[in-house]
Student: 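Have a look at this one before I ask anything.
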There are 2 protein chains.
Amino acid sequence: MIAPLLSHIQKYVPLTHEEQEVIAQYVQCLTVKNKQYLFTEGAPCSAQYFVIEGCLRMYFIKENGVEQIIQFGIDNWWISDYTSLTLNKPSQFYLQAVQPSKLFVLKKDKQEALFEHVPKLESYFRRIYQRAYAAAQTRQIYFSDLSGEEKYHHFATRFPDFIQRIPQYMLASYLGFTPEFLSKIRAKK
Amino acid sequence: MIAPLLSHIQKYVPLTHEEQEVIAQYVQCLTVKNKQYLFTEGAPCSAQYFVIEGCLRMYFIKENGVEQIIQFGIDNWWISDYTSLTLNKPSQFYLQAVQPSKLFVLKKDKQEALFEHVPKLESYFRRIYQRAYAAAQTRQIYFSDLSGEEKYHHFATRFPDFIQRIPQYMLASYLGFTPEFLSKIRAKK
DNA sequence: CGAAAATCTTAATCATGATTAAGAAACGCA
DNA sequence: TGCGTTTCTTAATCATGATTAAGATTTTCG
């Protein structure tokens with residue numbers, strides 16, 4: 001059950017058998033239905049989610065009422081509202097399944113306890129967050145250098161299988177434009 | 001000399017006197033002039049920079065030749081191209097002083113050695129990167145929810161002293177619009 | 001199966017902010 | 001002090017993508 005997470009961790013740090021068991025005791029496995037929420041705006045977000053299967057979206061509601069997706073959670077990626085998690089503030093985001101999904105949940109207090117028992121995990125998360133931040137920097141390039149149409153083609157080329165799995169209006173939201181505009185782009189070919 | 005960095009680290013993890021001395025041996029202090037580059041596009045970026053005084057800008061050159069600033073480096077903030085640093089790839093960015101500045105430099109190989117000697121620093125950087133990633137998530141809200149004019153007013157309200165210190169065209173670049181448009185906004189009042 | 005909900009498309013009009021091209025003002029340094 | 005470089009402003013035209021509104025299609029689920 002917990003194998004996918006342990007094997008992900010071991011890409012970064014080796015684990016003894018005992019450490020693996022400790023980890024298994026601190027995380028929960030969770031199966032969610034399509035449209036189920038993990039947390040919503042206004043409520044403090046007190047956990048991180050590791051996606052094994054399925055797909056999540058994290059979004060906020062803009063001033064004009066439109067949903068803006070800022071991240072998809074797919075296989076082997078940790079996702080959370082890190083401002084809320086770090087500073088115990090109410091979340092600014094909604095985290096929702098967009099497919100039936102399987103996750104691991106690591107609560108904030110469990111994470112802290114886990115660091116005491118398995119200090120190596122500080123190193124694991126240090127690397128994970130470093131990569132997440134690196135990815136955020138790279139994303140900024142695409143989002144400020146490409147036009148809407150270019151962003152779509154770039155994304156469709158890099159993740160051809162992923163765009164089949166989600167509704168187009170969600171892709172449009174993630175790419176920062178309207179579903180109508182996405183239709184227009186697609187009609188060109 | 002190294003005091004500002006040690007005191008920043010100690011906001012997150014306590015340090016013994018010996019640990020402080022080890023750290024001092026692994027980081028270099030660097031004074032740079034206005035316009036001096038720390039790294040440029042194409043060259044691998046092999047260090048992180050901690051700004052004590054002055055101001056840096058990290059930017060890339062867009063397809064159309066325009067400079068796009070993605071981050072300013074100011075007091076007590078680590079700055080680097082984390083994709084280049086993590087994966088040993090050529091940097092996508094330029095990091096340049098926009099004021100005479102004082103920095104600490106932590107080279108990649110030194111950082112790794114430092115983690116061996118002072119494992120606590122894994123925890124420090126784990127927290128630093130977690131916060132950096134959190135800030136990147138929050139920035140996404142402002143950049144996708146606010147119009148150009150709103151971004152300017154928001155930024156001017158939050159950092160009134162900072163906007164006095166840098167040329168307006170750099171602020172425009174950071175906020176994602178042209179200097180001409182910034183002039184137009186300012187002319188309204 | 002059938003109805004309601006979810007998703008996608010088209011087209012007309014509109015707004016934000018880019019581009020271009022000047023010129024004006026401020027600053028930096030010899 | 002003066003001259004060149006940087007920085008800032010104004011205004012006209014233009015393009016990307018938003019908005020609005022409607023209808024068409026597909027999916028879901030009782």
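First the proteins, then the strands, lettered A, B, ... as listed; each starts at 1. Keep in mind that what you see is a predicted model, and the values were worked out from it rather than measured.
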Student: Between atom CD in B:Glu149 and atom C1' in C:dT16, what is the gap in whole Å?
Tutor: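 So the two atoms are 10 Å apart, to the nearest Å.
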Student: May I ask you to say what A:Thr178 touches in the nucleic acid, namely base, sugar-phosphate or nothing, with a heavy-atom cut-off under 4.0 Å?
Tutor: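 Contact class for A:Thr178: base.
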Student: For A:Lys62 and D:dT19, what is the distance between atoms NZ and C1' respectively, to the nearest whole Å?
Tutor: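 Those two atoms, NZ and C1', are 12 Å apart.
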Student: Roughly how many Å is it from CG in A:Asn64 to P in C:dC14, rounded to a whole number?
Tutor: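 To the nearest whole Å, that distance equals 20 Å.
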Student: Does B:Tyr82 have its ring centroid less than 6.0 Å away from the ring centroid of B:Tyr129?
Tutor: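 Distance test on ring centres: under 6.0 Å, yes.
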Student: Heavy atoms only: give me the nearest A:Ala113-A:Tyr26 pair and the separation to one decimal.
Tutor: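 Between these two residues, the closest heavy atoms are CB-CE2, 3.6 Å.
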Student: Are A:Tyr152 and A:Phe177 an aromatic pair, judged by ring center distance below 6.0 Å?
Tutor: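 That pair fails the under 6.0 Å test.
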Student: Using modelled atom types only, decide if a donor and an acceptor are shared between the side chain of B:Glu122 and the backbone of B:Pro119 within a distance under 3.5 Å.
Tutor: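 Such a contact is absent between B:Glu122 side chain and B:Pro119 backbone.
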Student: Nearest-Å distance, CG (A:Leu175) to P (D:dT16)?
Tutor: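 Checked: the CG to P distance equals 17 Å.
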Student: What string of B, S and - do you get for nucleotides 7-13 of chain C, 5' to 3', if B is base contact, S is sugar-phosphate-only contact and - is no contact with any protein heavy atom under 4.0 Å?
Tutor: SSBB---
Student: In whole angstrom, what separates A:Gln68's CD from D:dA18's C1'?
Tutor: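 From A:Gln68 CD to D:dA18 C1': 13 Å.
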Student: Could you state the atom-to-atom distance from CG of B:Asn34 to P of D:dT5 in whole Å?
Tutor: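 Result: 17 Å.
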Student: Would you tell me whether A:Glu150 and A:Tyr142 have side-chain atoms, one donor and one acceptor, within less than 3.5 Å of each other?
Tutor: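 Short answer, no.
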Student: I want to know whether A:Tyr133 and B:Tyr133 have ring centres closer than 6.0 Å.
Tutor: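 Ring centroids of A:Tyr133 and B:Tyr133 are no less than 6.0 Å from each other.
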Student: Please state how far atom CD1 in B:Ile185 lies from atom P in D:dT9, giving the value in whole angstrom units.
Tutor: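 Answer to the nearest Å: 11 Å.
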Student: Could you give the CG-to-P distance, from B:Leu146 to C:dT16, as a whole number of Å?
Tutor: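 Checked: the CG to P distance equals 14 Å.
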